[in-house]
Amino acid sequence: MKRYNPKDIEVKWQKKWDADGTYKVDLDSVKPKYIGFGMFNYPSGAGIHVGHVRAFTIPDIMTRAKRQQGFASYQPIGWDSFGLPAENYAIKTGVPPQESTKTAIKKYHEQYRALGWAVDWTKEINTTDPEYYKWTQWVFTKLFEHNLAYQQESPQWWCNQCKTVLADEQVLGGKCWRHDSEEDPLVSKRNLKQWFFRITKFADEMLEATEDLDWTQSVKASQQSWIGRSIGAEVSFAIEGNKKELKVFTTRPDTLYGATFIVLAPEHPLVADITTEEYKADITSYAKSSIVKSEVERQQDADKEKTGLFTGAYAINPVNNKKIPIWVADYVLMGYGTGAIMAVPAHDERDFAFAKKFDLDITRVVSNNEPDEDCTHAEGVLINSEEYNGMSSAIAREQIVKDLQTKKIAHEKVNYRMRDWLISRQRYWGAPIPIIHCESCGPVAVPEKDLPVELPKIENYRPTGGYVSVLAGVEDWVNVPCPTCNKPGKRETDTMDGYVCSSWYFLRYVDPTNSEQAWSSARSKQWIPVDFYNGGDHATAHLLYARFFMRFFHSIGLVDSPEPFKRMIYHGKIKAGDGSVFSKSKGNGIDPLEVIEQGYGADAIRLYEMFAAPVELAVLWDEQGIPGAYRFLNRVWNITQEFLASSEEQLDDKITADIRMIEHKAIAKVTEDIDGVLFNTAIAALMEAVNGLYKLKGEGKLKKDDVWQSAIESILMLLAPFAPHITDELWSQLGHDDSIHIDHWPTLNIDYVTLDTVTFVVQVNGKLRAQIQLPKDSEKEVVLTAAKEDENVKEYTAKGNLVKEIFIPGKLINLVVKD
RNA sequence: GGGCGAGUGGUGGAAUGGUUUACACAACAGACUUAAAAUCUGUCCCGGUAAAACGGUUGUGGGUUCGAGUCCCACCUCGCCCACCA
């Protein structure tokens, strides 16, 4: 009997799949389509560890199952290969990122193949390939054409280690997303002229659509909180002795009578204008230090003592014409709302803390159950608000805005937490922004015929130290004629945020070699949205960006769907046994190739990782898990060998029914669970089926018979998405010439899993007292009679009077007994 | 502080409002073996019993129900995301 040895079979099948093009999809197939994959991978020098295996096995199973079920199933592959690690490596070693990226990708190829992931290598893409970033640049020019890409000078996050600005979404807890460990410093702000994409234009649409997405709930919640819509009003306050008006945003216009002072952000343009001579020196230095001080330091600690200064100026509260002081404080942020607030200390904790510290008036205007001396955010009934007294907060809120609106003092306003997407990066290893600056024409997009704007090869990658990229020093690249007027112009020297490349790649996947267009509409129509997407890291920003791009493409008729990903799973991380995260810096990542080399094989790693827990949950790496999975595969192998070696013999009806029951229960459960991405229970069902067959084998009932063959083949087909190598091997040993992975999925026959006789549970007062075997469709009276005959049931019903019977057909009867 | 989610054996985890603990890991026992590994078979929530019966048990307390791990309310703990966003 042959023994299960993954080393013998896995490489053999990987080669055969490659040679046969088993996973090559025909993009113009007439079969129903299915496309699924994990989030774009960055090919780092270290390769993948066992944590990544989970991320890529999940879509592998989904697309494999669909391929077996007769779909044109496509698991694409590509590399998100622009980025800082390769550039930093170049600075250190002088090896061009073009080369180190290629080397890294090679290692990934080896790992991906060894794990048996069914990707279509013939359609591989790579963001650093000029043929790809040509179209990334084209996307930029389209956005520019539609006024959704613009330049603006403003204070921006600056990571001093990356030597570049960062988008809002790339700052986590005040630190750069690439430098967020404890020893890393906070990012700071620099006033720079930068390129932005107007993502906020779609904020509302995206928010509305989020609820209906078939995505992991926590990811949807993240999307919603990032977009952060709040509905309120913008109210204008007159400034005493100044013609200009001061606008504030508030979500609580019902508390307007309680606004006892105004607070401006230190950067607010009116600060210089209104500050009186007496306070000018102090205010100027406060504003200066606040602006230089990173905004994160200002925000970091909500419990921090409030700081601020009086400007000497007063505003007039439009509802009661009261004179209220205008202050400057760093707890008000220029980037949100209007950069100015009406402070209502009685009903806002921050304003309350500020008022207490600087001894400002506190006027309660909402009455509720909260104690008077505290600040309360809760709603209630208005007091101290003249004609609005007695109104509920909700009604007053609308009424006050309505009344002020007629005087053009206020109007309803919706605000978003999300800011426009800053995409400029002052680094070399990115896609150049395809803009030429011309003195007479301004910024001009590079015409499509001149794309791509290729990255020039350079010798020294070290950033200049200023706030520009090294590209600024490549003179013969920078100096080009203006495409419009032909006068001398200069190229934009910033490159694009890597997220730009990864926000549209799924469209390139469905038309990877198109040299005329980024993608054809026929292809996007057929294949997009993506049926199945999964990821586990940096998901918020990437998903927002990809959704934004799709909405933009949709708005100009380039795609049919406004959403990129129909179904999205956010899987939990795999952590080291001690609970720490696998990481390069810790050096605790386990290379899956090592585990394969130990002899367990790729199938066992895959199976273990899918079986350990539901996909959304974090999992601690368990050394014992792989041998466990290997043991199960071994049982599958051995029973197949024993079947092949067994003697032919007719089975009796009882055994036939038992085998079919085992087979079809597994078909029903595994098919359903894969569809629901419930892999751990699908695998458990397969184990149960194999255990059932082993039991029959132990009783000497394993014979060479069609019923046995069918059961074993069904189990192999159901196991194939999880363990592709062993199943294709056994499939061929069972006499098949074709691959198990294409168009082979067992069909459920419901009759085989329907029993004529079932176990009825008999309860007395909800407690189990007996189990009786009866025909499945027995009437209540029959079950009741049988139940009453049971000795144990008799004992309990004798304790009182039977007042009621609850009957669930085919399942249960509950006798309710009372004294 | 806000939002989302979760608390079930020694462990990872199962469970359409209907037999709690499927499947596995670890542990223990038996078979095979000179022996070990591998493999096969069995035991495995707590109390109770020779074995059953029986009683208790899904973070805590209450509620709805014939019946609650599951639904509702309050509380405790943990995880993730957001957070001086007006």
Side-chain angles (χ1 to χ4, degrees), chain A residues 3 172-173 216-226 228-230 232 248-252 255 263 265 295 298-304 306 329-333 335-344 347-351 353-354 377 415-419 539-540 570 572-573 608 611-614 616-620 622-629 631-632 634-635 638 669 678 680-691 694-695 697-698 759-771 791-792 795-796 803-808 811-818:
Chain A
R3 300 195 59 165
L172 308 167
T216 302
Q217 193 52 42
S218 63
V219 176
K220 296 206 296 190
S222 255
Q223 295 276 296
Q224 286 159 339
S225 77
W226 261 104
R229 175 166 64 187
S230 53
V248 304
F249 173 71
T250 177
T251 53
R252 293 294 299 275
T255 63
V263 185
E295 195 163 320
R298 287 165 56 182
Q299 295 180 22
Q300 203 173 34
D301 188 6
D303 302 327
K304 189 188 72 170
K306 294 266 184 292
D330 65 3
Y331 80 95
V332 174
L333 310 174
Y336 185 74
T338 61
I341 62 159
M342 60 175 219
V344 185
H347 303 289
D348 181 285
E349 278 130 40
R350 297 149 301 177
D351 300 343
F354 195 80
H377 199 255
N415 241 313
Y416 296 91
R417 178 188 302 264
M418 186 167 68
R419 321 283 162 84
T540 307
Y570 191 81
K573 282 198 176 69
Y608 158 62
F611 178 61
E616 300 89 352
L617 257 58
V619 165
L620 297 186
D622 177 8
E623 298 273 313
Q624 306 287 351
I626 303 264
R631 213 169 294 156
F632 168 68
N634 214 14
R635 280 161 75 81
N638 288 340
K669 177 73 176 158
L678 304 167
N680 57 330
T681 49
I683 294 165
L686 286 167
M687 289 174 168
E688 217 170 326
V690 171
N691 289 348
Y694 259 72
K695 192 150 187 142
K697 174 169 87 74
T759 304
F760 277 86
V761 168
V762 183
Q763 295 180 338
V764 178
N765 289 340
K767 290 207 178 281
L768 173 73
R769 296 303 173 191
Q771 297 182 43
E791 286 304 320
N792 205 26
E795 198 179 311
Y796 284 90
V803 294
K804 198 172 174 185
E805 308 95 21
I806 311 289
F807 180 67
I808 311 285
K811 208 162 191 180
L812 167 145
I813 188 153
N814 186 16
L815 309 177
V816 183
V817 173
K818 279 192 180 145

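Hydrogens, waters and symmetry mates play no part in the numbers below; they use all other heavy atoms, side chains included. In what follows, every chain begins at residue 1, and chains take the letters A, B, ... in the order their sequences are listed.
Comparing the C1' positions of G18(B) and U70(B) gives an interatomic distance of 11 Å, to the nearest angstrom. Atom C1' of C82(B) sits at a distance of 27 Å from the matching atom of C73(B), rounded to the whole Å. Across the P atoms, G62(B) and U16(B) are found 27 Å apart, a figure rounded to whole Å. G5(B) and U57(B) are spaced 29 Å apart, taking the P atom of each and rounding to whole Å. Comparing the C1' positions of A35(B) and A24(B) gives an interatomic distance of 30 Å, to the nearest angstrom. As rounded to the nearest Å, U34(B) and U43(B) have P atoms that lie 28 Å from one another. Taking atom P in both A51(B) and A14(B), the straight-line distance is 33 Å, to the nearest Å. Distance noted for atom P between A15(B) and U64(B): 29 Å (whole Å).
The two residues N765(A) and V817(A) make their nearest non-hydrogen contact at OD1-N, 2.8 Å. Taking every heavy atom of both residues into account, A612(A) and V619(A) meet most closely at CB-CG1, 4.0 Å. When all heavy atoms of S230(A) and T251(A) are compared, the pair lying nearest together is CB-CG2, 4.0 Å. Residues M342(A) and T255(A) approach most closely at CE-OG1, 3.8 Å, considering heavy atoms.
Nucleic acid contact for G628(A): sugar-phosphate only, since backbone atoms but no base atoms lie under 4.0 Å from a heavy atom of the residue. At a threshold of 4.0 angstrom between heavy atoms, the contacts of Y416(A) with the nucleic acid are absent. Within 4.0 Å of N680(A), counting heavy atoms only, lie sugar-phosphate atoms of the nucleic acid but no base atom. Among the atoms of the strands shown, only primed sugar atoms or phosphate atoms (P, OP1, OP2) are found under 4.0 Å from some heavy atom of Y796(A). Residue contacts for N792(A): at a heavy-atom cut-off of 4.0 Å it reaches the sugar-phosphate backbone alone, with no base atom in range. Looking at heavy-atom distances under 4.0 Å, L617(A) makes contact with sugar-phosphate atoms alone, never a base. As judged by a 4.0 angstrom heavy-atom cut-off over every strand, N638(A) is placed among residues making no nucleic acid contact. Nucleic acid contact class of K220(A) (heavy atoms, under 4.0 Å, all strands): none. Residue-level contact check: R229(A) touches neither bases nor backbone, having no heavy atom under 4.0 Å from any strand. Note on P614(A): only backbone sugar-phosphate atoms sit closer than 4.0 angstrom, heavy atoms only; bases stay farther off. Across all strands shown, E805(A) has no heavy atoms under 4.0 Å from either base or sugar-phosphate atoms. Counting any heavy atom pair closer than 4.0 Å across all strands shown, Q224(A) reaches no nucleic acid atom. Looking at heavy-atom distances under 4.0 Å, K695(A) makes contact with sugar-phosphate atoms alone, never a base.
Residue S230(A) places at least one side-chain N or O under 4.0 Å from the OP1 or OP2 atom of A86(B). The phosphate of C25(B) has OP1 or OP2 within less than 4.0 Å of a side-chain N or O from R631(A). Regarding contacts with the backbone of A24(B), a side-chain N or O of N691(A) is found under 4.0 angstrom from either OP1 or OP2. Neither OP1 nor OP2 of A86(B) sits under 4.0 Å from any side-chain N or O of R417(A). Close to C40(B), at under 4.0 Å from its OP1 or OP2, lies a side-chain N or O of R635(A). Within the structure, every side-chain polar atom (N or O) of K811(A) is placed at least 4.0 Å from both OP1 and OP2 of G18(B). Under 4.0 angstrom from either OP1 or OP2 of G67(B) there lies no side-chain N or O belonging to N765(A).
Distance check, rounded to the nearest 0.5 Å: CZ of R252(A) to NE2 of H377(A) gives 5.5 Å.
For R769(A), counting side-chain heavy atoms from C-beta on, the closest listed nucleotide (C4(B), G12(B), G55(B)) is G55(B).
Taking the nucleotide of RNA chain B with the nearest heavy atom to each of K804(A) and L768(A), the more 5' of the two is matched to L768(A). Positionally, the nearest nucleotide of RNA chain B for T681(A) lies more toward the 5' end than for the other of T681(A) and V761(A).
Judged by the 6.0 Å distance and 45° axis criteria, K306(A) is positioned over the aromatic ring of Y331(A).
Two residues are said to be in side-chain contact when any heavy atoms from C-beta on lie closer than 4.5 Å; T540(A) and Q223(A) meet this criterion. Residues K804(A) and N814(A) have side chains not in contact (no heavy-atom distance under 4.5 Å, counting atoms from C-beta outward). Within the 4.5 Å cutoff, the side chain of F632(A) has heavy atoms near those of the V690(A) side chain.
Applying the 3.5 Å distance criterion, the base of G5(B) shares no donor-acceptor pair with the side chain of Q217(A).
Taking the syn range as angles within 90° of 0, the glycosidic angle of G5(B) is outside it, so the base is anti.
A straight line from NE2 of H377(A) to P of A83(B) spans 18 Å, rounded to a whole angstrom.
A donor-acceptor pair under 3.5 Å links the side-chain atoms of T338(A) to the main chain of A340(A), judged by distance alone.
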Inset, instruction - Starting at the 5' end of RNA chain B, write a dot or bracket for each base, bracketing those in Watson-Crick or G-U wobble pairs whose two distances are under 3.5 Å and using | for partners on another strand. - result: (((((((..(((.....[....))).(((((.......))))).(((......)))..(((((..]....))))))))))))....

